[in-house]
J.: 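One structure coming up, written as structure tokens, with questions to follow.
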Amino acid sequence: MMDETSMSNDMKIIMDNKEKEEEIMKKLSSEGCIYIVLHNRVRKGEKMKKSKYTFKAGPIKMTTTLNGEYQGFERLKTPAGEFDCIKLTYTMKANMLLFFSETVNITEWYAQGIGLVKSEEYENKKKTKTVKTLIDIKEPL
């Protein structure tokens, strides 16, 4: 989901001056990664492995953590069809400096061979909920 390679690549895209790129890249560092392990032997209530990612850009530091648990298996009906899914819930927290933090509570359903089928995100500060559902499966070209 997020690691030092993806964050560094994103920063390179943002920079348009090659001379500044080397100078800026020297000030960037990162450690860890955010990930979710999916397998068909999960049990309801089983804790997910906690993951942490830290990105530093000069004096600015951002830390993101993921902590959650598996909710077992659930059959989910969507516009794209019915799927046997692994359901999981987790909290993603991002902290930057001392004054900014964001917490998002997420529930996701993953189907084997398909991937993410449905996602519900609730942002605590904004009190907003976002729901994304798979509506179609395209055949590979």
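In this text, all values refer to a predicted model and were calculated from it rather than measured experimentally.
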J.: Any idea which heavy atoms bring C85 and W109 closest together, and the distance?
T.: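 For C85 and W109, the tightest heavy-atom pair comes out as CB-CB, 3.9 Å.
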
J.: Rounded to the nearest 0.5 Å, what separates atom CD in Q71 from atom CD1 in I86?
T.: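 Separation between the atoms: 12.5 Å.
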
J.: Are L88 and L38 packed together at the side-chain level, in the sense that at least one heavy-atom pair is separated by less than 4.5 angstrom?
T.: yes

J.: Are L76 and K118 packed together at the side-chain level, in the sense that at least one heavy-atom pair is separated by less than 4.5 angstrom?
T.: yes

J.: Under 3.5 Å, side-chain donor or acceptor atoms of residues 94-105 against the rest of the protein: list the pairs with distances, not counting sequence neighbours.
T.:
from, atom 1, to, atom 2, distance (Å)
N105, OD1, T91, OG1, 3.0
N105, ND2, N124, OD1, 3.1

J.: Where do Y35 and K50 come nearest, in terms of heavy atoms and distance?
T.: OH-O, 4.4 Å

J.: Are more than 12 heavy atoms, taken from residues, nucleotides or ligands other than Q112, located less than 6.0 Å from that residue's CD atom?
T.: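 It does not: Q112 CD has 12 such atoms or fewer within range.
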
J.: Looking only at heavy atoms, what is the nearest atom pair of I137 and L134, with distance?
T.: CG1-CD2, 3.9 Å

J.: Does the side chain of I36 reach to within under 4.5 Å of the side chain of Y110, using non-hydrogen atoms?
T.: yes

J.: Could I get the full list of side chain to side chain donor-acceptor pair (under 3.5 Å) partners for T107, not counting sequence neighbours?
T.: none

J.: Would you please say whether a donor-acceptor pair under 3.5 Å links the side chains of E120 and Y122?
T.: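 Not at all, the side chains of E120 and Y122 share no donor-acceptor pair under 3.5 Å.
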
J.: Looking at side-chain heavy atoms only, is the closest gap between S30 and F55 below 4.5 Å?
T.: yes

J.: Measuring from E46:CD to H39:NE2, what's the distance to the nearest 0.5 Å?
T.: 5.0 Å

J.: Side-chain contact test, heavy atoms from C-beta onward, threshold under 4.5 Å: evaluate it for P79 versus T133 and give yes or no.
T.: yes

J.: Sequence neighbours excluded, which residues qualify as salt bridge (charged side-chain N to carboxylate O under 4.0 Å, His left out) partners of K47?
T.: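 With sequence neighbours excluded, K47 shows a salt bridge (charged side-chain N to carboxylate O under 4.0 Å, His left out) to E69, given in chain and number order.
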
J.: Excluding sequence neighbours, so at least two apart, what forms salt bridge (charged side-chain N to carboxylate O under 4.0 Å, His left out) with R41?
T.: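 Here no residue qualifies.
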
J.: Closest approach of V117 and A111, non-hydrogen atoms and distance?
T.: CG2-CB, 3.6 Å

J.: What pairs with K129 under side chain to side chain donor-acceptor pair (under 3.5 Å), at least two apart in sequence or on another chain?
T.: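 With sequence neighbours excluded, K129 shows a side chain to side chain donor-acceptor pair (under 3.5 Å) to no residue whatsoever.
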
J.: Considering only heavy atoms from C-beta outward, does the side chain of K52 approach that of T64 to under 4.5 Å?
T.: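 SC-SC contact between K52 and T64 ruled out.
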
J.: Could you walk me through whether K87 and E108 pass the salt bridge (charged side-chain N to carboxylate O under 4.0 Å, His left out) check?
T.: CA-CA 6 Å; K87 180 180 178 182; E108 293 179 331; over 6 Å; no

J.: Measuring from atom CD of E123 to atom CD of E121, what distance do you get when rounded to the nearest 0.5 angstrom?
T.: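 The CD atom of E121 is 7.0 Å from CD of E123, to the nearest 0.5 Å.
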
J.: In the structure I gave you, are the side-chain heavy atoms of Y53 and E31 within less than 4.5 Å of one another anywhere?
T.: no

J.: Checking R43 now: which residues fulfil side chain to side chain donor-acceptor pair (under 3.5 Å) with it, not counting sequence neighbours?
T.: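 Side chain to side chain donor-acceptor pair (under 3.5 Å) check on R43 returns nothing, list empty.
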
J.: Please find the pair of heavy atoms, one from S119 and one from I106, that lie closest to each other, and give the distance.
T.: OG-CG2, 4.2 Å

J.: Shared ILVMFWY cluster between V37 and L66, side chains joined below 4.5 angstrom?
T.: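 Yes, V37 and L66 fall within the same hydrophobic cluster.
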
